[in-house]
Amino acid sequence: MSELGFSTRAVHAGYEPDPQTGAVNVPIYASSTFAQDGVGGMRGGYEYARTGNPTRTALEANLAALELGDYGRAFASGMAATDCALRALLRPGDHLVIPDDAYGGTFRLIDKVFSQWGIEHSPAHIADLDAVRAAIRPNTKLIWIETPTNPLLSIGDISALAEIAHEAGAKLVVDNTFATPYLQQPLTLGADIVLHSTTKYLGGHSDVVGGALITNDAELDKAFGFLQNGAGAVPGPFDAYLTMRGIKTLAVRMERHCDNAQVIAEFLEGHPAISEVIYPGLPSHPGYEVAQKQMRRGGGMISVRLAGGREAALKFCSRTEIFTLAESLGGVESLIEHPGAMTHASTEGSELEVPADLVRLSVGIEDIADLLADVEQALI
Ligand code: PLP
């Protein structure tokens, strides 16, 4: 499958029409257990649905094919995938480097939970390779990045960061949720593990929560599989089916997300109410060159800072009509949010605290004229 184009893999990888019925879509195997022919005599390789379910297997094979990886694992949420990766890769006394503007939930899990088990972390600006090098300690086992980051859309140079990690004897995890495998494939750039909140662009319709880990390393995949079964944070078959259904249109959706976001970012850049537009597809973005090198296009996420400060930011969020005020991102519908009070509230008072004048837009696939008019009227 890896020699086929992205859209072909997205539509076909992981499932072939059922030989018995010809069903072109993967069935939702609503079965928690599987009959055995004699003790231990599994008919189709399945025994119990926490360990494996055919609908989930199809999704996992599809996810691996999208990222050009050898192994994929699906989880009940992006945070369940994060938790699994951290537990598989770290032991008490280990240290990891995280983005200084990581997703709030990732930071909360590392800062509030893993710290209790003797895991240390240091935030670093992942766009600054020297800052990342300086954050490395003798016990660093992991560099954990998002690129673009959530919510400040910083761009980390994946191949350079992989080199830095490997020189230090550490692994590189890339949370590829914002870029999606359509725009960037971190394993091909040297990353060891790719993580997704499939809740976002992969599912694509704001109707399912899920997560994924993809790697080329058989030992790591084995460790992920052990924890996936041992801890049990797996998606049900209906969730696996919905995610796979979303993935089939990922390429066409991403093109439209990128088209719309580029136009809105350019419009906002000239707007007097906006003091800064952060969008990797704009030459004014400090990570533009690296983004051009490793991403197909700029993506569907835009962050802006309001000239009028926090009050103006809150007002902007409450005045849009098509952009719905809500957490999350990556669905077909446009969303707007205030990270400081919503998705990133857990970073308050920490080194990762986000600016109070920041607003994050998840640009959907609606008609661009309507989206532009909505943003324009909300900023008056
Ligand atoms: N990683 C990133 C970049 C995210 O934005 C999110 C959620 O917003 C997660 C991970 C966690 O994913 P989930 O909400 O599916 O648990």
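Values in this document were obtained by computation on a predicted structure and should not be read as measured data. Start at 1 and go down the list; that is how both ligands and their atoms are numbered.
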Can you find an N or O of L329 that's nearer than 3.5 Å to an N or O of ligand 1?
no
Determine, for R56 against D239, whether the closest basic-nitrogen to carboxylate-oxygen distance falls under 4.0 angstrom.
no
Do D370 and D374 have side-chain heavy atoms sitting under 4.5 Å apart?
no
Which protein non-hydrogen atom lies closest to atom 3 (C) of ligand 1, naming both residue and atom, and how far is it?
D175 OD2, 3.3 Å
Nearest-neighbour protein heavy atom for atom 16 (O) of ligand 1, which is reported as residue plus atom name and distance:
M79 N, 2.9 Å
At a 4.0 Å threshold, what atoms of ligand 1 neighbour a non-hydrogen atom of G210?
15 (O)
Do the ring planes of F34 and Y46 sit parallel (below 30°), tilted (30 to 60°) or perpendicular (above 60°)?
tilted
Supply the atom-to-atom distance F267 CZ to L372 CG, rounded to the nearest 0.5 angstrom.
6.0 Å
Nearest to atom 15 (O) of ligand 1, what protein heavy atom do you find, and at what distance?
T199 OG1, 2.6 Å
Under 6.0 Å between the ring centres of H257 and Y201?
yes
Report yes if the side chains of V97 and T140 come closer than 4.5 Å at any heavy-atom pair, otherwise no.
yes
If you scan protein heavy atoms around atom 7 (C) of ligand 1, the nearest is K200 NZ, 2.6 Å
The protein heavy atom nearest to atom 5 (O) of ligand 1 is N150 ND2, 2.9 Å
